[in-house]
Amino acid sequence: MFETLPDGIVVIDRYARIASANTAAERLLGLKRNEIIGRTLEDVLLKRPLADESSFPETDDPLTQVFEAGLLASGVDHAYERPDGTSAVLSTNTALLHSKNGTPEGAVLSLRDVTERRREEEELKFRSLLLDSALDSMIVHDLEGKMIYINEAAYKTRGYTREELMTMSLLELEAPEYASLTRSRMKFLEKIGSASFESAHLKRDGTVMPVEVNARVVEFEGRIIVINIVRDITERKRAEEALKATERRLRDIASALGEGVYELDINGRVIFMNPAAERLLGWPAEELLGNDLHETIHRKRADGTRVLPEECHILEINNSGGVYRTEADVFTRKDGTTFTVSYISTPVIEDKRVVGSVTAFQDITERKRMEEELERRREQEKQIYADAMAAVTGGQFMLCAHENIGDHRRGRVVFSHDVTKPEEIHPVRALLDLYLLKRGVNIGRKYEIQIAATEALGNIVKYAAGGRIEIRADEVLQIEVVDSGPGINFAMLPRSVLMLGFSTKGTLGFGFTIMLEFADHLYLATGPAGTTIILEFQWNGRAR
């Protein structure tokens with residue numbers, strides 16, 4: 001029986017010499033029996049380094065404890081190196097042997113190889129250290145919610161000790177509003193195997209910690225357990241609440257605005273409308289939310305033709321990320337009628353990605369009608385001035401539209417020149433004088449032409465920051481002066497044309513009385529885009 005035991009057995013006499021050893025002891029120590037018997041135990045084993053690389057203090061020597069104190073020495077681990085160089089961790093149990101009269105006469109020592117166990121324990125310690133170093137909580141429990149393992153973060157962040165939390169169930173840990181979901185979640189996890197969800201845990205002080213849980217079901221030592229990686233999302237929730245509060249404030253502001261505001265998601269579907277947008281479009285928000293905005297209100301132009309999605313500037317923002325503004329577009333109301341709008345659309349950007357757009361729009365139908373009416377009245381007024389000037393001057397002065405003044409151009413271009421500064425007028429006059437001299441124009445007529453041209457040039461430098469002069473000739477001579485100034489006030493034209501010397505910066509007059517004194521015809525086109533004057537002279541005209 002001694003030989004068949006799996007543990008090594010060594011018998012020691014009163015003097016700590018080895019009296020016998022079994023086969024298992026030979027195997028564990030790596031020594032033959034004749035190399036063991038007769039030697040002291042401390043020579044063979046006990047004085048070797050321990051697993052933590054220290055040595056036994058003399059008073060703690062297991063044999064001292066056995067022989068002098070009469071104590072059992074159980075579970076003492078030794079780091080042992082065999083003669084062949086292999087090593088092992090041997091766990092020993094030592095007990096006294098007594099004679100028939102009860103006096104100690106030796107001891108028996110059992111040896112067991114616990115190398116693998118110690119390796120697993122060290123690995124477990126290392127893993128535990130890693131888990132306790134994690135910022136996220138790790139909570140392991142069974143399907144009934146009974147705790148199996150928790151790391152340091154799990155109990156410290158909740159204000160418990162490890163022992164306190166280990167005695168609690170998952171139902172006790174979770175906040176009441178989530179505890180009711182626990183059993184259904186366990187069934188789901190058992191069926192699916194893994195899940196991610198939000199929950200909330202109760203801290204020891206009664207406060208609530210919102211958490212994000214990533215749970216996985218595994219089988220361990222014949223039973224099903226749930227491993228949870230739990231993250232404290234308190235700050236994230238605060239940020240989300242702050243963002244929601246900001247969004248609510250912005251929506252409140254948008255709701256108070258007089259202009260329509262709507263928001264689209266990345267797919268062009270309506271996710272918000274303010275009351276003004278409902279009123280202008282005739283759509284209640286609950287009917288339009290979730291619908292394709294383009295197909296609902298932006299599908300056609302004023303002439304009834306269809307606007308394709310790829311032509312829609314509002315939808316294009318989701319791709320380009322740019323801002324689009326227009327003063328001339330058309331929206332369709334719920335009843336099918338259309339109205340003219342001005343709007344600005346801007347992208348909504350999150351994490352450097354366009355996730356939608358916001359558009360603010362106004363119904364400008366009445367404004368457009370008034371602008372068109374004003375323009376019609378201006379055209380009427382312009383025509384009245386044109387007819388009056390032509391009548392008063394006997395057709396010598398003609399007021400034209402910009403698009404029509406080209407009808408009065410005659411002859412080929414002799415030369416042209418830009419004039420932006422007063423000192424540039426003299427060279428132009430010199431060129432004109434040379435050309436008139438070559439054409440044989442008499443001195444009086446040449447003087448009249450020069451005076452009219454100088455007046456026109458002087459005024460564009462003075463009032464319009466410069467322009468351009470072009471000389472054309474055939475049966476007549478034409479001098480055309482063009483500028484990009486603010487134009488002439490039509491209300492001042494009668495005085496500018498008929499009153500000798502009337503020319504002020506406030507009226508933007510051009511000294512028309514002087515030009516009409518010498519030119520046979522004067523054609524004028526003026527407006528916000530600038531002014532064009534064509535002075536026309538007969539070659540054989542007489543000095544006046």
> Between Arg409 and Glu470, is there a side-chain N and carboxylate O pair less than 4.0 Å apart?
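Here Arg409 does not pair with Glu470 in a salt bridge, since their nearest N and O are not under 4.0 Å apart.
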> Do Thr182 and Leu170 come within less than 4.5 Å of each other through their side chains, counting heavy atoms only?
yes
> Quick one, Tyr523 with Phe397, criterion ring-ring contact (aromatic ring centres under 6.0 Å, His included). Give me CA distance, side-chain angles, the key distance, then yes/no.
CA-CA 6 Å; Tyr523 304 99; Phe397 181 93; 9.3 Å; no
> Just by modelled atom types, is the Thr338 backbone N or O under 3.5 Å from a matching donor or acceptor in the Thr332 side chain?
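Flag not set: sc Thr332 to bb Thr338 has no pair under 3.5 Å.
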> One pair to check against side chain to side chain contact (heavy atoms under 4.5 Å, CB included): Glu536 and Asp520. What are the steps and the verdict?
CA-CA 6 Å; Glu536 184 175 286; Asp520 294 288; 5.5 Å; no
> Scan side-chain atoms only and decide if Asp329 and His313 contain a donor-acceptor pair under the 3.5 Å cut-off.
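Absent: no donor and acceptor within the cut-off.
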> Determine whether the aromatic ring centres of residues Phe272 and Tyr262 are separated by less than 6.0 angstrom.
no
> Looking only at the side chains, is there a donor atom on one of Asn214 and Ser196 sitting less than 3.5 Å from an acceptor on the other?
yes
> Can a salt bridge be assigned to the pair Asp433 and Lys446 using a cut-off of 4.0 Å between side-chain N and carboxylate O?
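Yes.
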> Hey, is NE2 on His426 packed in by over 12 heavy atoms from elsewhere, all under 6.0 Å?
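Result for NE2/His426: open.
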> Checking Val270 against Glu263 for the side chain to side chain contact (heavy atoms under 4.5 Å, CB included) test, could you report, in this order, the C-alpha distance in whole Å, the side-chain angles of both residues, the deciding distance, and whether it holds?
CA-CA 6 Å; Val270 182; Glu263 183 178 356; over 6 Å; no
> With rounding to the nearest 0.5 Å, note down the distance linking CD in Glu174 to OG in Ser199.
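Taking CD in Glu174 and OG in Ser199, the distance rounds to 4.0 Å.
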> Is any side-chain heavy atom of Glu448 closer than 4.5 Å to a side-chain heavy atom of Phe537?
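Glu448 does not reach Phe537 side chain to side chain.
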> When you check the gap from the basic side-chain N to the acidic O, do Arg269 and Asp292 get nearer than 4.0 Å?
no
> Quick check against the 3.5 Å criterion: does Glu424 have a side-chain atom that pairs as donor or acceptor with the backbone of Lys421?
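Answer holds: yes.
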> Start with the C-alpha gap between Tyr435 and Phe415, add the side-chain angles, then the distance that decides, and say whether ring-ring contact (aromatic ring centres under 6.0 Å, His included) holds.
CA-CA 10 Å; Tyr435 176 71; Phe415 70 86; 7.2 Å; no
> Okay, side chain of Glu311, backbone of Leu308: is any donor-acceptor separation there less than 3.5 Å?
yes
> Verify the neighbour count for atom CG of Leu374: are there more than 12 heavy atoms of other residues, nucleotides or ligands below 6.0 Å?
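Result for CG/Leu374: enclosed.
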> When you check the gap from the basic side-chain N to the acidic O, do Asp363 and Arg279 get nearer than 4.0 Å?
no
> If you measure from the Lys or Arg side-chain nitrogens to the Asp or Glu carboxylate oxygens, is any gap between Arg306 and Glu295 under 4.0 Å?
yes
> Would you call Glu373-Arg376 a salt bridge at under 4.0 Å N-O?
yes
> Charged N to carboxylate O under 4.0 angstrom, Glu372 versus Lys368?
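No, Glu372 and Lys368 are not salt-bridged.
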> Side chains of Leu165 and Leu173: closer than 4.5 Å at any heavy-atom pair?
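Side chain of Leu165 against side chain of Leu173, heavy atoms only: contact under 4.5 Å found.
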> With rounding to the nearest 0.5 angstrom, report the CZ to CG distance, Arg468 to Asp418.
4.5 Å
> Counting C-beta onward and ignoring hydrogens, is there a side-chain heavy-atom pair between Asp474 and Arg410 closer than 4.5 Å?
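Counting from C-beta outward, Asp474 and Arg410 do come under 4.5 Å.
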> Does any non-hydrogen side-chain atom of Ile449 lie less than 4.5 Å from one of Leu432?
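Touching, per the 4.5 Å side-chain cut-off.
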> Under a 4.0 Å threshold between the charged nitrogen and the carboxylate oxygen, would Glu241 count as salt-bridged to Arg238?
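Not counted as a salt bridge, because no side-chain N and carboxylate O are separated by less than 4.0 Å.
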> Are the side chain of Arg472 and the backbone N or O of Val414 linked by a donor-acceptor pair below 3.5 Å?
no
> For Trp283 and Ile297, indicate whether the former's side chain and the latter's backbone hold a donor-acceptor pair under 3.5 Å.
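No, the answer is negative, given that no donor and acceptor are paired below the 3.5 Å cut-off.
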> Side chains of Arg158 and His201: any donor to acceptor distance under 3.5 Å?
yes
> Any sub-3.5 Å donor-acceptor pair from Thr337's side-chain atoms to Arg333's backbone N or O?
no
> Does some side-chain heavy atom of Thr359 sit less than 4.5 Å from a side-chain heavy atom of Ile314?
yes
> Taking CZ in Phe339 as the centre, count heavy atoms belonging to other residues, nucleotides or ligands within less than 6.0 Å. Is the count above 12?
yes
